[in-house]
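Numbering of residues begins at 1 and proceeds along the displayed sequence.
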Amino acid sequence: MSGPGGTGASSPLSARVVPILEGVPPRSPYDDLVHPRTRKAPSPSVEAERDLVVEDPSSGFVGAVVRCEKDVVHLEDRHGRVRAYPLGPGFWVEGRPVVLVRPRPQAPAAPTRSASGSTYVAGARARVAREGRVYVEGKHDAELVEKVWGHDLRIEGVVVEPLHGVDDLPGIVREFRPSSGRRLGVLVDHLVPGSKESRIAAQVTGAHALVVGHPFIDIWQAVKPSVVGIRAWPTVPKGESWKDGVCRRLGWEDDTGYVWAQRILARVRTWTDLEPQLIGRVEELIDFVTTD
């Protein structure tokens, strides 16, 4: 063993000495702890369900969810303006920041009632089509009847076809040749006394052909205004295209096909969304053509 001034092996104490960097304080075991009051809680995730009211604080835009696509949510404000935003953080719901996520698909419960209010027949196959037919005036009319009464029509075997103009009705009736077991029912727009439509209807109505109508200028009006988020359907002067005039007065898109599909038909769920004047006439026609 070397003496105090020797050059022998280092002592165990000297081997454990760790150099300390000058000016750097030693690390405390409490450095990684954060006080709960200073920790920011993550924003909760909220599913972008239809009609959920959402605010974009960066622009101040507030609107209800009208549809949600893969990565985009569409919001509509009280003036009918629609804006699209990417799903994710940056939104407020009820004054709190949230992360908007796409709604999870849910398995639909087995319905007990069809959209028309009739008893839903689960698993039933469509009946072979009857010889009788129902004609409705226009593509939009046919789509609405199909959406609400489609289940009933398939159970009864009734085919609905669009009538492209009431002026074509006499020729259709002559070609169809209604008879017993081969009845023809027709739904006409704006069938009011003294109108051209009422005069043509009187010519073709008989024992095996029935023409009925609703008082609305267009099938759009048969949908309750509250269903599409308005107080009432606007008044459009004669001589102006009714659909175009409605879109202009409500600030809707000028594409009437899009307006019908997205703003009107998409919001119709059941017969309760329709005016009684239409419901009664469609039910009357279905009963007429299914009477053998």
Among the clusters formed by ILVMFWY side chains lying less than 4.5 Å apart, do [X] and [Y] turn up in the same one?
X: Phe288; Y: Val145; value: yes
X: Leu153; Y: Tyr135; value: no
X: Val246; Y: Tyr258; value: no
X: Trp220; Y: Val188; value: no
X: Val228; Y: Val148; value: yes

Looking at every non-hydrogen atom in both residues, tell me the closest pair between [X] and [Y] and how far apart they are.
X: Ala201; Y: Val211; value: CB-CG1, 3.5 Å
X: Trp233; Y: Ile264; value: CH2-CD1, 3.9 Å
X: Pro162; Y: Gly138; value: CB-O, 4.1 Å
X: Gln221; Y: Ile217; value: OE1-N, 2.9 Å
X: His214; Y: Ile219; value: NE2-CD1, 3.8 Å
X: Glu137; Y: Val166; value: OE2-N, 3.8 Å

**Request:** Inspect the contact between Arg269 and Asp273 and indicate whether a charged nitrogen and a carboxylate oxygen are less than 4.0 angstrom apart.
**Result:** no
**Message:** Assess whether a salt bridge exists between Glu69 and Arg67, defined as any Lys/Arg side-chain N lying under 4.0 Å from an Asp/Glu carboxylate O.
**Reply:** yes
Between [atom1] on residue [X] and [atom2] on residue [Y], distance to nearest 0.5 Å:
X: Ser180; Y: His208; atom1: OG; atom2: NE2; answer: 5.5 Å
X: Trp242; Y: Thr235; atom1: CH2; atom2: OG1; answer: 10.0 Å
X: Leu274; Y: Leu144; atom1: CG; atom2: CG; answer: 5.0 Å
X: Glu161; Y: Leu184; atom1: CD; atom2: CG; answer: 9.5 Å

So [Y] and [X], do their side chains get closer than 4.5 Å, heavy atoms only?
X: Val223; Y: Arg267; result: no
X: Arg231; Y: Ser226; result: no
X: Val186; Y: Val212; result: no
X: Ser43; Y: Pro89; result: no

**Request:** Under the side chain to side chain contact (heavy atoms under 4.5 Å, CB included) rule, what do Ser198 and Val192 come out as? Steps first, then yes or no, please.
**Result:** CA-CA 6 Å; Ser198 65; Val192 295; over 6 Å; no
Given a cutoff of under 4.5 Å between side-chain heavy atoms of I, L, V, M, F, W and Y, with clusters grown through shared members, what are the other residues clustered with [X]?
X: Val93; result: Val46, Leu52, Val54, Phe61, Val65, Val73, Leu75, Tyr85, Leu87, Phe91, Val98, Leu100
X: Val72; result: none
X: Val101; result: Val99

Anything under 3.5 Å between a donor and an acceptor, one on a side chain of residues 169-179, the other on a protein residue two or more places apart or in another chain? List them.
none

By side-chain hydrogen bond (donor to acceptor under 3.5 Å, both in side chains) - contacts of [X] (at least two apart):
X: Trp252; answer: none
X: Asp287; answer: none
X: Glu143; answer: Lys139, Trp260

Quick test of your reading: applying salt bridge (Lys or Arg N to Asp or Glu O under 4.0 Å), list the pairs with at least one residue in [range], sequence neighbours left out, ordered by first then second residue.
range: residues 216-227; result: Asp218-Lys243
range: residues 247-266; result: Glu76-Arg263, Glu240-Arg248, Glu240-Arg249, Glu253-Arg263
range: residues 96-106; result: Glu47-Arg104
range: residues 185-208; result: Asp167-Lys196

**Message:** Assess the residue pair Arg154 and Glu146 against the criterion (salt bridge (Lys or Arg N to Asp or Glu O under 4.0 Å)); give the C-alpha distance rounded to whole Å, side-chain angles, the decisive distance to 0.1 Å, and a yes or no.
**Reply:** CA-CA 10 Å; Arg154 282 182 284 278; Glu146 166 59 29; 2.8 Å; yes
**Prompt:** Given Lys147 and Leu265, is the side chain to side chain contact (heavy atoms under 4.5 Å, CB included) satisfied, shown in steps?
**Reply:** CA-CA 8 Å; Lys147 184 165 187 178; Leu265 185 63; 3.8 Å; yes
**Message:** For Asp77 and Arg83: C-alpha separation, side-chain torsions, deciding distance, then whether side chain to side chain contact (heavy atoms under 4.5 Å, CB included) applies.
**Reply:** CA-CA 9 Å; Asp77 70 3; Arg83 292 187 184 179; over 6 Å; no
**Request:** List in chain and number order the residues that pass salt bridge (charged side-chain N to carboxylate O under 4.0 Å, His left out) with Arg182, two or more places apart in sequence or in another chain; answer none if no residue qualifies.
**Result:** Glu131
**Message:** Looking at Glu49, I'd like to know if its CD atom is crowded, meaning that more than 12 non-hydrogen atoms belonging to other residues, nucleotides or ligands lie closer than 6.0 Å.
**Reply:** yes
